[in-house]
Number of protein chains: 2
Amino acid sequence: MEFEEGREKFIQAWGTLGSSWGINRTMAQIQALLLISPESMTTESIMEELNISRGNANMSLRALMDWGVVFKENRPGERKDYFYAEKDIWKVAVQVTRERRRRELEPLIRVLGQVESVPQEDGEEYQEFKKVTEDISKFADKVDGLFDKLAKADEHWFVGNFLKLLR
Amino acid sequence: MEFEEGREKFIQAWGTLGSSWGINRTMAQIQALLLISPESMTTESIMEELNISRGNANMSLRALMDWGVVFKENRPGERKDYFYAEKDIWKVAVQVTRERRRRELEPLIRVLGQVESVPQEDGEEYQEFKKVTEDISKFADKVDGLFDKLAKADEHWFVGNFLKLLR
DNA sequence: AGTAATTTTCAGAAACTTTTGAAAGTTTAG
DNA sequence: CTAAACTTTCAAAAGTTTCTGAAAATTACT
């Protein structure tokens with residue numbers, strides 16, 4: 001496989017992964033492009049490289065910055081914005097996980113909290129509802145706590161000790 | 001909050017969570033409904049409860065069975081199929097994670113493997129590409145291995161010891 | 001075999017998401 | 001202040017996913 005081909009395959013594959021992770025295809029492709037670019041890039045060059053419109057490039061870049069995985073750089077004496085990606089893949093994973101928790105897990109935990117106030121009632125229907133929502137509540141809290149700890153642990157600890165401990 | 005209201009809120013919230021987890025809204029709602037139902041349910045009653053078409057119900061139930069989180073039960077002397085959900089939330093999480101790995105992580109790992117064969121070249125572009133794809137490859141393999149171990153660990157071990165170890 | 005109950009399929013409709021590109025807005029330098 | 005450089009917005013178009021409902025297929029009973 002040639003370099004150019006590999007490059008494109010990687011951008012493509014990352015784009016596909018992204019769309020199943022709450023980051024849409026263009027966003028993920030821009031991220032992939034910035035990940036493998038040794039220099040930060042302008043909106044123009046990103047548009048050109050990926051054949052996307054100015055509007056799309058702008059919107060996706062802002063969303064990526066919002067996710068905290070891409071940053072803007074200002075070069076003194078230059079008007080253009082330059083963009084670069086977080087390249088420490090552990091940090092990217094932590095950041096994406098953090099955002100997903102905020103966007104997805106938290107709303108569920110909120111609803112489960114509200115649901116606790118359902119007054120006691122007789123009947124199997126109620127019993128089962130109570131049991132399942134409580135189980136999920138406990139589990140969600142645990143996962144939530146785990147995210148916190150993981151975000152604080154550093155990669156070395158994670159990949160080294162954790163895997164050993166699980167053996 | 002009334003029982004009925006809580007019930008609906010829960011189904012709603014689970015549906016929303018589902019759509020960000022690769023399980024679409026209807027699928028997740030059906031799963032929620034089955035989770036809190038003390039008895040297994042027929043296609044008919046699911047359709048009625050959620051106001052969805054027969055086609056949708058049938059398709060979503062099959063997809064849920066495909067994910068391994070909902071099962072079919074055959075009652076002797078009855079023609080209808082009855083459906084019930086896996087209620088152990090730890091098992092559900094393991095199962096969903098396993099499927100997502102298969103559908104999402106594996107294709108990326110495959111591409112990264114192919115990309116390794118890109119012949120060496122001079123230039124920063126190549127260096128950066130190599131470095132990043134190798135980093136991601138290593139990370140993906142580790143996450144992949146972690147999934148395996150997690151699937152084998154049981155919930156008690158997980159919530160008890162693991163959280164303690166992370167302190 | 002015939003019939004009724006039930007499940008599956010699938011083409012088109014509806015809903016939702018993403019992308020475009022042109023226009024409006026903002027910033028900076030002279 | 002003006003103009004050029006650059007960024008942002010937004011309405012409409014394109015693309016994608018999900019859902020419907022009726023027809024076809026399957027099953028199982030008499």
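Just so we're on the same page: letters track the sequence lines, and every chain starts at 1.
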Considering only heavy atoms of chain A and a distance under 4.0 Å, specify the first and last nucleotide of DNA chain D in 5' to 3' order that meet this criterion. D:dA4 to D:dT9

In whole angstrom, what separates B:Arg54's CZ from C:dT8's C1'? 11 Å

Any idea which heavy atoms bring B:Met47 and B:Ser53 closest together, and the distance? CG-O, 4.0 Å

How close or far is atom C1' of C:dA29 from atom CD of A:Glu78, stated in whole angstroms? 15 Å

Less than 3.5 Å between a donor and an acceptor, one on the side chain of A:Arg79 and one on the base of C:dT27, is that the case here? yes

Rounded to whole angstrom units, what separation is found between the CD1 atom of B:Ile46 and the P atom of C:dT6? 15 Å

Restricting to non-hydrogen atoms, name the atom on B:Phe10 and the atom on B:Ile36 that form the minimum distance, rounded to 0.1 Å. CE2-CG2, 3.6 Å

Check this one for me: any side-chain N or O of A:Thr26 less than 4.0 Å away from OP1 or OP2 of C:dT19? yes

Roughly, in whole Å, what's the span from CZ in B:Arg75 to P in C:dT6? 13 Å

Starting at NZ of B:Lys80 and ending at P of C:dT8, how long is that distance when rounded to a whole Å? 15 Å

Ion pair check, A:Glu44 and A:Arg54, cut-off under 4.0 Å: yes

Is there a residue in residues 56-72 of chain B whose heavy atoms reach under 4.0 Å of DNA chain D, and which residues are they? B:Asn56

Between B:Gly55 and A:Asp81, which is nearer to the 5' end of DNA chain D once each is assigned its nearest nucleotide? A:Asp81

Is B:Glu128 salt-bridged to B:Lys131, going by a charged N under 4.0 Å from an acidic O? no

Answer with yes or no whether the hydrophobic clustering places A:Met27 together with A:Met59; edges join I, L, V, M, F, W, Y residues whose side-chain heavy atoms lie under 4.5 Å apart. no

Of all heavy-atom pairs between A:Tyr126 and A:Gln120, which one has the smallest distance, and what is that distance? OH-CA, 3.3 Å

Six-ring centre of B:Phe147, B:Arg101 cation under 6.0 angstrom, axis tolerance 45°: no

Tell me which of A:Arg25 and A:Phe83 sits closer to the 5' end of DNA chain D, going by the nucleotide each one is nearest to. A:Phe83

Spatial distance of atom NZ (A:Lys138) from atom OG1 (A:Thr133) [nearest 0.5 Å]: 10.0 Å

Contact between A:Phe3 and B:Lys130 at the side-chain level, heavy atoms closer than 4.5 Å - yes or no? no

